[in-house]
Engineer: 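This is the structure, below, for whatever I ask next.
Order of listing sets the numbers, starting from 1, for every ligand and every atom in it.
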Amino acid sequence: MITLALSKGRIFDETLPLLAAAGIEVLEDPEKSRKLILPTNQPGIRVVMVRATDVPTYVEYGGADLGVTGKDTLIEHGGQGLYQPLDLKIAACRMSVAVRADFDYASAVRQGSRLKVATKYTAIAREFFASKGVHVDLIKLYGSMELAPLTGLADAIVDLVSTGNTLKANQLVEVERIMDISSRLVINQAALKLKQAAIRPIIDAFSNAIERNTVPS
Ligand code: AMP
């Protein structure tokens, strides 16, 4: 049995066409079903639905053989024990720094002020500001980060930005782009060796589908 870990939302939706390219069809909709283990049209392949931040953990410890997870989640997890063969180029967005429109970020950074930064992505934020030589106090949050600068909890946030609509709706402005983010295929290293025959064709089908999507016709 091959077990694939996915999370609800964009990652699940955007992985479906890649699975279709590998001849795999998920037989239930996780938005409508309460089941956490979803069957596919292939009796030897099943999908488990886990929280996005838990995908690397499931794959690392073998609760799933493979999974799809954002680069952001992988960096925060550390990526140990995971084989990462493919950038799937899905769920694309960017990791950015945002502040209130009336906060002078450039001056604060230039003057060497100590910035209060709220984020769920503490590893990425710590590394980014350390590389710039900016002193920061990191405040770990689990959601609604946009609220932090509006309530005085923090000067800045580090968060994922896609369209920019969430920032705009909360009168925040993006002042620095830290990195581009997309989702990766991650594979348990032992599973890759022991279940080669089943896993290799999935990697190849995903890889061909990505190439077809990115090469202009
Ligand atoms: P947007 O308003 O389109 O810029 O989306 C920003 C909101 O969606 C923020 O709350 C982000 O944390 C979240 N978000 C955007 N892209 C992603 C993604 N690829 N994965 C997870 N969350 C995302």
Side-chain angles (χ1 to χ4, degrees), residues 4-19 26 29-31 36 47-60 64 66-79 82 84 86-101 103 105 115-129 136 138-186 206 209-210 213-214:
L4 168 67
L6 296 176
S7 51
K8 273 190 193 179
R10 256 183 101 177
I11 286 184
F12 182 84
D13 297 344
E14 296 184 26
T15 301
L16 286 185
L18 297 173
L19 287 172
V26 184
D29 178 354
E31 297 297 340
L36 299 175
V47 169
V48 291
M49 299 306 302
V50 302
R51 278 190 77 133
T53 44
D54 291 337
V55 169
T57 308
Y58 266 84
V59 177
E60 178 187 358
L66 59 171
V68 176
T69 185
K71 183 179 172 188
D72 51 320
T73 307
L74 262 178
I75 295 175
E76 294 296 323
H77 167 270
L82 300 174
Q84 304 175 30
L86 285 178
D87 178 353
L88 302 175
K89 313 241 169 85
I90 60 170
C93 58
R94 56 197 185 269
M95 185 71 71
S96 291
V97 182
V99 299
R100 270 167 59 150
F103 181 77
Y105 176 76
L115 277 184
K116 275 195 288 176
V117 177
T119 187
K120 189 161 106 180
Y121 307 97
T122 47
I124 293 173
R126 185 176 298 113
E127 160 71 25
F128 175 70
F129 287 110
V136 290
L138 290 177
I139 301 167
K140 171 90 183 183
L141 290 179
Y142 293 88
S144 301
M145 274 160 285
E146 298 81 11
L147 207 49
L150 304 179
T151 54
L153 181 68
D155 303 311
I157 59 170
V158 167
D159 195 9
L160 295 174
V161 180
S162 181
T163 60
N165 289 341
T166 306
L167 292 181
K168 209 178 293 166
N170 292 291
Q171 286 96 45
L172 298 179
V173 290
E174 190 177 358
V175 284
E176 285 206 82
R177 178 189 281 232
I178 299 176
M179 65 176 75
D180 289 328
I181 299 284
S182 56
S183 290
R184 319 267 147 149
L185 181 64
V186 292
F206 277 22
I210 299 160
N213 286 344
T214 48

Engineer: Please state whether A91 comes within less than 4.0 angstrom of ligand 1, counting heavy atoms only.
Structural biologist: yes

Engineer: Which of the numbered atoms in ligand 1 are below 4.0 angstrom from a heavy atom of V161?
Structural biologist: 4 (O)

Engineer: In the protein, which heavy atom is nearest to atom 1 (P) of ligand 1, and how far is it?
Structural biologist: T163 OG1, 3.3 Å

Engineer: For a 4.5 angstrom cut-off between non-hydrogen side-chain atoms, does N213 reach K89?
Structural biologist: no

Engineer: Side chains of T73 and P56, heavy atoms from C-beta outward: is any pair under 4.5 Å?
Structural biologist: yes

Engineer: Look only at the side chain of E176 and the backbone of V97, and say whether a donor-acceptor pair between them is shorter than 3.5 Å.
Structural biologist: no

Engineer: For residues L150 and L172, determine if any side-chain heavy atom of one lies less than 4.5 Å from a side-chain heavy atom of the other.
Structural biologist: yes

Engineer: Considering non-hydrogen atoms of the protein only, which is the closest contact for atom 7 (C) of ligand 1, and what is the distance?
Structural biologist: T166 OG1, 3.7 Å

Engineer: On a heavy-atom basis, I'd like to know which of E14, R94, M145, E146 is closest to atom 10 (O) of ligand 1.
Structural biologist: E146

Engineer: With a 4.0 Å cut-off on heavy atoms, is K120 touching ligand 1?
Structural biologist: no

Engineer: Between Q171 (side chain only) and A101 (backbone N and O only), is there a donor and an acceptor less than 3.5 Å apart?
Structural biologist: no

Engineer: Atom 23 (C) of ligand 1: which protein heavy atom is closest, and how many Å away?
Structural biologist: L160 CD1, 3.8 Å

Engineer: Indicate, as side chain, backbone, both or neither, the part of D159 found under 4.0 angstrom from ligand 1 when only non-hydrogen atoms are considered.
Structural biologist: side chain

Engineer: In terms of atom number and element, which parts of ligand 1 are under 4.0 angstrom from non-hydrogen atoms of G164?
Structural biologist: 1 (P), 3 (O), 4 (O)

Engineer: Does the protein put a heavy atom less than 4.0 Å from atom 16 (N) of ligand 1?
Structural biologist: yes

Engineer: Indicate yes or no: at least one non-hydrogen side-chain atom of F128 is less than 4.5 angstrom from one of M179.
Structural biologist: no

Engineer: Could you tell me, atom by atom, which parts of ligand 1 come under 4.0 Å of a heavy atom of R10?
Structural biologist: 16 (N), 19 (N)

Engineer: Check side-chain contact (heavy atoms from CB on, under 4.5 Å) between E127 and all other residues, then give those that pass, not counting sequence neighbours.
Structural biologist: none

Engineer: What I want to find out is whether D180 reaches R94 closely enough, with some N-O distance under 4.0 Å, to be called a salt bridge.
Structural biologist: no

Engineer: Which atoms of ligand 1 sit under 4.0 Å from any heavy atom of N165?
Structural biologist: 2 (O), 4 (O)

Engineer: For P149, run the side-chain contact (heavy atoms from CB on, under 4.5 Å) check against I157, D155, V99 and tell me which one passes.
Structural biologist: I157

Engineer: For atom 18 (C) of ligand 1, what's the nearest protein heavy-atom neighbour? Residue, atom name and distance, please.
Structural biologist: C93 SG, 3.7 Å

